[in-house]
Amino acid sequence: MDEVVRLRPPRNRVERRAVAYWLANELTVTAVPVVVLAVLAAVITPARPWLLLAMWIILAIGVPYGVVVPFWRYRVHRWEVTDDAVYTRTGWLWQEWRIAPMSRIQTVDTARGPLEQLFGLASVTVTTASAAGPLRIPGLDHELAASLVERLTETTQAHRGDAT
Amino acid sequence: MSTAEWQRLHRHTVAVSALTVAGLAVGIAFPILFGILRRGGPVGFVLLIAAGGVVAVTGVATLADWLRWRHSSYRVTDERVELRYAWVVHTLRSIPRDRVRTVDLMANPLLRVFGLTKVKIGTGHQTTGQRSHLVLDPVSRERAEELRRELLDRVPAREKAAAPPPALAALDWSWIRYAPVSVATPILGTAAFGGVMQVADWAGMESSVISLVADIFGDTPIPLLVLALVGIGLAIGFVGSLGLFVEMWWRYRLTRDSGTLLVRRGLFTTRSLSLEQRRLRGVDVFEPLGARMLGAARVDVVATGVKAWSERDNSDPKTLLPAAPIAIARRVAVDVLLADPLSTVDFRPHPTAARTRRLWWAGYAVLGIAGVLALLGVLLTVVLLHLAWISVVVLTPVAVALALDDYRNLGHGLTDDYLVTRYGAGSRHTVALVRDGIIGWTVRRSPFQRRAGLITIAATTAANSGQYLVRDIAENDGLRLAEKAVPGLLTPFLEPRR
């Protein structure tokens with residue numbers, strides 16, 4: 001009891017494919033304004049230097065961010081579901097660990113965006129009665145996510161009360 | 001007497017709406033009218049237009065409210081409370097009776113003249129969705145009291161004792177001395193100046209107000225004038241805050257009636273709030289800066305559904321006790337919780353690294369303000385450069401004092417049933433949160449905290465804002481605190497440090 005403790009990382013990493021998904025996602029977000037600016041620069045000759053400058057700034061920030069962040073995220077995002085609780089860790093510099101006991105979980109949902117579907121991924125959202133926001137486990141294999149939701153729903157239904 | 005019949009809201013609502021809108025319209029029309037007439041508009045014609053406008057606006061609003069009244073109805077069945085509106089758009093709001101947690105009555109002066117009151121029936125759920133409450137606007141006062149008894153009492157009303165329950169707290173007029181030291185004073189003072197200028201603007205007299213002031217104070221030096229204006233503002237704020245206190249807390253009583261806490265108060269607008277004891281998750285003994293210097297504190301409730309509940313009226317419904325001497329605040333906290341975590345808890349201070357962080361923040365804040373002033377000074381005028389160094393001299397002691405106070409206030413502790421956390425710079429919160437009400441933990445660490453060996457832990461709860469923080473606690477202490485507060489939850493996720 002008196003030994004010095006720390007939080008151990010949750011056991012599971014997200015799916016390896018999630019890195020590819022995040023790469024695609026971040027690069028799309030960068031690509032859209034870059035393409036728009038490039039087209040505008042080609043069309044509007046007088047404003048060309050300024051439009052190109054804006055495009056290069058977005059590229060200079062967006063590309064390194066889009067390339068580096070997915071790998072960081074893969075390193076730091078972890079999750080674990082035990083019989084008693086859901087446990088997640090996020091954040092590289094500003095770290096956050098979240099724990100929600102099974103007995104206090106109100107709803108469990110999965111969400112799949114179009115790009116996520118392409119990569120066969122899904123994210124799971126675990127909501128408690130707190131207004132401080134739900135726990136999210138992104139980047140799961142979609143079948144794993146579905147079975148996780150089923151398991152969580154079964155476990156939480158076994159607990160009685162209104163979870164407040 | 002729960003009947004399944006659909007009932008109308010009170011028909012006098014149409015008259016109330018008509019009078020409200022007519023009053024508003026006249027109030028807005030008058031200064032505009034005055035302004036136009038001063039510029040020499042044709043009197044008869046302008047009056048006619050204004051009167052026509054007032055009548056038209058009132059007519060439309062009255063018709064709208066009549067339609068709303070005509071097509072709205074509500075009923076209380078054995079299982080549900082329902083409010084429906086059926087004309088063009090059909091809506092049905094339905095709340096299961098066993099989910100009803102609050103029945104709150106609110107009446108503004110006009111409604112009271114007509115003997116009416118609004119009734120807000122809520123489930124006490126955090127979700128701000130449409131379904132969490134419905135408002136009967138309005139019903140007669142007798143009907144409202146009847147509804148409250150009917151919906152909140154699981155036992156039939158007639159079995160209850162006729163005598164009113166003893167008060168946990170009632171208004172002591174000496175508490176009014178804490179009103180002027182609240183934030184209301186400067187806000188009302190500023191608002192008064194703004195209001196004068198706004199009305200003058202409507203009437204087109206803005207420049208004459210300024211020249212009037214210039215005439216009166218023409219020979220006074222500027223610093224003195226500023227002082228005089230601040231003084232007048234504070235005086236207005238002082239009187240206004242007293243008036244506000246009277247309006248808000250007139251006939252204030254906090255009672256407990258068969259497991260439901262009840263607050264009744266208000267002079268012109270009567271407010272009455274109910275809270276089932278089982279929704280209670282704790283209390284927040286809050287000492288705003290001014291009250292704290294006079295040894296006073298306010299008691300706010302920490303309960304599920306409080307946030308959703310306060311969204312529509314700004315009368316601070318989470319307050320159980322206005323600023324009162326700290327001993328009374330503590331006694332009320334004990335009476336509300338039926339436990340005494342605040343005086344039995346053993347507050348632990350936080351590591352000195354937390355103080356170092358706060359001093360850095362103070363330094364950054366002062367440098368930030370001075371930096372902006374200095375930058376503008378270099379670009380614009382030398383006056384701002386002087387302001388920059390003056391602000392460093394003046395603000396540094398204030399910022400350092402706040403930082404040290406913030407650190408001194410940091411504290412946490414556990415009792416058998418409560419987690420207690422204390423925090424705040426200047427104003428101070430002491431929150432007792434029932435340990436059963438903690439529905440999860442969030443542990444956060446910034447790069448700076450990591451270097452200092454600190455973490456911030458947040459107990460998530462279904463009440464109020466959703467989480468209560470213990471800031472900048474030593475990593476091991478924080479994890480042990482969380483582990484002890486909710487046994488077993490955190491333990492499987494801890495490992496010994498190498």
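In what follows, chains are A, B, ... by sequence order, proteins preceding strands, each numbered from 1.
- Arg422(B) forms a cation-pi arrangement with Phe347(B), by the criterion of a distance under 6.0 Å to the ring centre and an angle within 45° of the ring axis.
- In this structure, Arg16(A) satisfies the cation-pi test against Tyr74(A), with its NZ or CZ atom closer than 6.0 Å to the six-membered ring centre and inside 45 degrees of the ring normal.
- At a 4.5 Å heavy-atom cutoff, the contact between Pro9(A) and chain B is made by side-chain atoms alone.
- The candidate from Thr456(B), Thr460(B), Leu489(B) with the greatest count of non-hydrogen atom pairs under 4.5 Å with chain A is Leu489(B).
- Looking only at heavy-atom pairs under 4.5 Å with chain B, the residue among Glu96(A), Arg8(A), Arg98(A) that has the most is Arg8(A).
- Using bins of under 30°, 30° to 60° and over 60° for the plane-to-plane angle, the ring pair Trp22(A)/His77(A) lands in the perpendicular bin.
- You'll find the side chain of Arg256(B) reaches within 4.5 Å of the side chain of Gln277(B), heavy atoms only.
- With hydrogens and angles left out, the side-chain atoms of Thr461(B) and Ser130(A) include no donor and acceptor closer than 3.5 Å.
- For Thr88(A), no part sits under 4.5 Å from any heavy atom of chain B, backbone or side chain.
- Only the backbone of Ile438(B) comes within less than 4.5 Å of a heavy atom in chain A; its side chain stays farther off.
- Side-chain contact of Ser94(B) with Arg80(B): a donor-acceptor pair under 3.5 Å is present, judged by distance alone.
- Looking at Leu479(B), only its side chain comes within 4.5 Å of chain A, counting heavy atoms on both sides.
- Between chain A and the residues Ala482(B), Pro492(B), Ala458(B), the most heavy-atom pairs under 4.5 angstrom are made by Pro492(B).
- Taken to the nearest 0.5 Å, the CZ atom of Arg348(B) stands 8.5 Å off from the CG atom of Leu414(B).
- Close approach to chain A, defined as a heavy atom under 4.5 Å from one of its heavy atoms, is seen in Thr442(B), Val443(B), Arg444(B), Arg445(B), Ser446(B), Pro447(B), Phe448(B), Arg450(B) of residues 442-452 of chain B, taken by number.
- With 3.5 Å as the limit, one finds no donor-acceptor pair spanning the side chains of Gln95(A) and Arg89(A).
- Ring geometry for His350(B) versus His412(B): interplanar angle over 60°, hence perpendicular rather than tilted (30 to 60°).
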